[in-house]
Every structure is written in structure tokens, then in C-alpha cells.
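This report concerns only the one structure given below.
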Amino acid sequence: MTTVSPPQTEINSVIALYSNGQIQEALDSVETLTKDYPNEPLLYNISGVCYKAIGQLDAAVKSFEKALSIKPDYTEVNYNLGLTFQELGQPDAAVKCYERAISVNPDHAEAHNNLGVTLKELGQLDAAVKCYEKAIAIKPDYVEAINNLGITFYQLHQPDDAMKCYEKALVFNPDFTDAYNNIGTILLERGQLDEAVKN
């Protein structure tokens, strides 16, 4: 079965609307395109992203699921659906989506990081550590993942390892305020008040 794809110019025009914050206009355009190209998963991914941006999470889920019904191994859609389930407070569903995204694209650093965040929410700290470490192995300067790894080490009562992560995050991004706050918390607990104030 051959599927006709919409012209790239039309796709670019929808993406431009979205990028300019004209979410409703982007959504209207993409809805029109899906009538002409009902088997184009990219369009459902874009509509899902638009719905998510305006807080219509249930509609976003439907769009992403429609895209996956056409193309189940669509990495970005699995990832976006995972983010949406996370926002909806459905961590188990989010985990499955991130795992599907990673099974298709093992080098998707963001999926590893967000899988870690979700597993941490579920109390699976050791599994979360492995996810963050994988994300950092793929993208060594991924400060959010480095910071998340530090937070998880801290929760695992490994403050020295946590401190190393926060300091490493600051090497890559000296303006990363979360890392300063987290360092301050550890110094405060150690009674190093002068140092904590500096952070």
C-alpha cells in the first residue's frame, strides 16, 4: 500500500506556526491536512504536540495513539506519549512508552533520562540510576540527566556521589541553578554553613 505524504512545504508551515507560538493556528492547519492525508503519522504527532502545548492532554494522547496505530515503532511519538502520560500522572504507562522509544532507538538520551525520572517517581531508584547513566553515556554534557543522577544518589544516601554529579553539571553549565541549590543542601547538612551560603 502506498501512502501519499503531504508536501514538505505544508509540514514546514505548520511547524513554523507552532514554533512562533501560534499553537491553535498550527492545530487548525494540521487538522485540515489529516483530512487529506489520513495515514500520515507525522501529522498526528504534530497535532499531539499542539494539544499537549495547550494543555489538552487527553486529546494529545488520542493523537499520539493514532500515529502509533499507523506506525508503532515511531520513536518520537512513543517519547511524546510518555511525556504526556507523565503529565497525566500515569507513570506506569509512561514507562512503557519510554521503553518502546528506547527499543527502537537505544541512543535516545532524553527517553533514557525521562524513563529514569519516572522510575524514580515509582521508587525504583537503582533502575533510575542506570537510566541516567545511560543518558549521560550517550550525551556526556546532558546537565539535566547529570543533575537527576545526583538527586537519585542523594536519595540513595550517597551524598559524595551526588556532590560529584552536581559539580560535573556545573562544569558543563555554570549557570545551572538547580545544581547550586543541591550542593547547598548537602553542605548545609554537613554543617558547612559558610560554603552553603556561597552556593
Side-chain angles (χ1 to χ4, degrees), residues 5-6 8-105 108-124 128 131-132 135 139 142-148 151-152 169 173 175-179 181-182:
S5 293
Q8 192 59 47
T9 50
E10 299 207 31
I11 299 281
N12 291 346
S13 136
V14 172
I15 292 169
L17 286 169
Y18 177 82
S19 302
N20 292 329
Q22 296 168 274
I23 311 297
Q24 193 57 56
E25 292 86 344
L27 200 49
D28 294 341
S29 298
V30 85
E31 295 289 330
T32 305
L33 282 172
T34 53
K35 291 188 181 82
D36 295 329
Y37 306 96
N39 294 313
E40 178 50 67
L42 172 63
L43 295 176
Y44 297 104
N45 183 40
I46 294 170
S47 81
V49 169
C50 289
Y51 278 125
K52 185 173 176 298
I54 57 175
Q56 294 186 25
L57 300 182
D58 292 330
V61 167
K62 284 190 183 121
S63 289
F64 293 137
E65 286 177 340
K66 176 71 179 166
L68 291 173
S69 72
I70 301 165
K71 188 180 176 190
D73 62 348
Y74 198 151
T75 304
E76 278 313 307
V77 177
N78 278 303
Y79 175 70
N80 288 334
L81 184 55
L83 291 175
T84 311
F85 278 136
Q86 229 177 320
E87 271 191 60
L88 282 165
Q90 298 178 30
D92 293 318
V95 165
K96 286 184 184 131
C97 294
Y98 294 136
E99 286 173 342
R100 275 199 303 269
I102 290 164
S103 73
V104 179
N105 178 5
H108 198 301
E110 290 79 10
H112 285 287
N113 178 56
N114 279 288
L115 178 56
V117 170
T118 313
L119 291 170
K120 185 167 85 64
E121 279 173 27
L122 291 165
Q124 299 176 34
C131 293
Y132 298 136
K139 196 171 160 188
Y142 193 170
V143 289
E144 289 83 1
I146 297 166
N147 186 58
N148 286 338
I151 291 168
T152 311
N173 180 359
D175 299 322
F176 194 63
T177 52
D178 288 1
N181 291 336
N182 293 331

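Sequence positions, counted from 1, serve as the residue numbers for this chain. Note that this is a predicted model, so its numbers are computed, not measured.
No side-chain heavy atom of Ile46 sits less than 4.5 Å from a side-chain heavy atom of Tyr18. Between Leu42 and Tyr74 there is a side-chain heavy-atom pair separated by less than 4.5 Å. No side-chain heavy atom of Glu110 sits less than 4.5 Å from a side-chain heavy atom of Glu144. Proximity of Tyr44 to Val77: side-chain heavy atoms (C-beta onward) are nowhere separated by under 4.5 Å. For the pair Asn45/Phe64, a side-chain contact is recorded, criterion being any heavy-atom separation below 4.5 Å from C-beta on. Thr34 places none of its side-chain heavy atoms less than 4.5 Å from the side chain of Lys66. In this structure, the side chains of Asp92 and Leu122 come closer than 4.5 Å at one or more pairs of heavy atoms.
No donor-acceptor pair closer than 3.5 Å links the side chain of Asn113 to the backbone N or O of Ala109. Between the side chain of Thr84 and the main chain of Asn80, a donor-acceptor pair closer than 3.5 Å is present. When atom types are taken as modelled, the side chain of Tyr132 and the backbone of Val117 share a donor-acceptor pair closer than 3.5 angstrom.
Between Val143 and Ala169 the shortest heavy-atom distance is CG1-O, 3.4 Å. Listed here is the closest heavy atom pair of Ile23 and Ile54: CG2-CG2, 3.5 Å. Heavy-atom minimum distance, Phe85 versus Ala94: CB-N, 3.8 Å. Residues Leu27 and Tyr51 share a closest heavy-atom pair of CD2-CE2, 3.5 Å. For Leu119 against Cys131, the heavy-atom pair with the smallest separation is CD1-SG, 3.7 Å.
The distance from atom NZ of Lys71 to atom CG of Asp73, rounded to the nearest 0.5 Å, is 6.0 Å. Here the CG-OG distance, from Leu68 to Ser63, works out to 11.0 Å after rounding to the nearest 0.5 Å.
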Could you check Asp28 against Gln24 for side-chain hydrogen bond (donor to acceptor under 3.5 Å, both in side chains), going step by step and ending with a plain yes or no? CA-CA 6 Å; Asp28 294 341; Gln24 193 57 56; 3.2 Å; yes
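Using modelled atom types and a 3.5 Å distance limit, the side chains of Asn12 and Gln8 yield a donor-acceptor pair.
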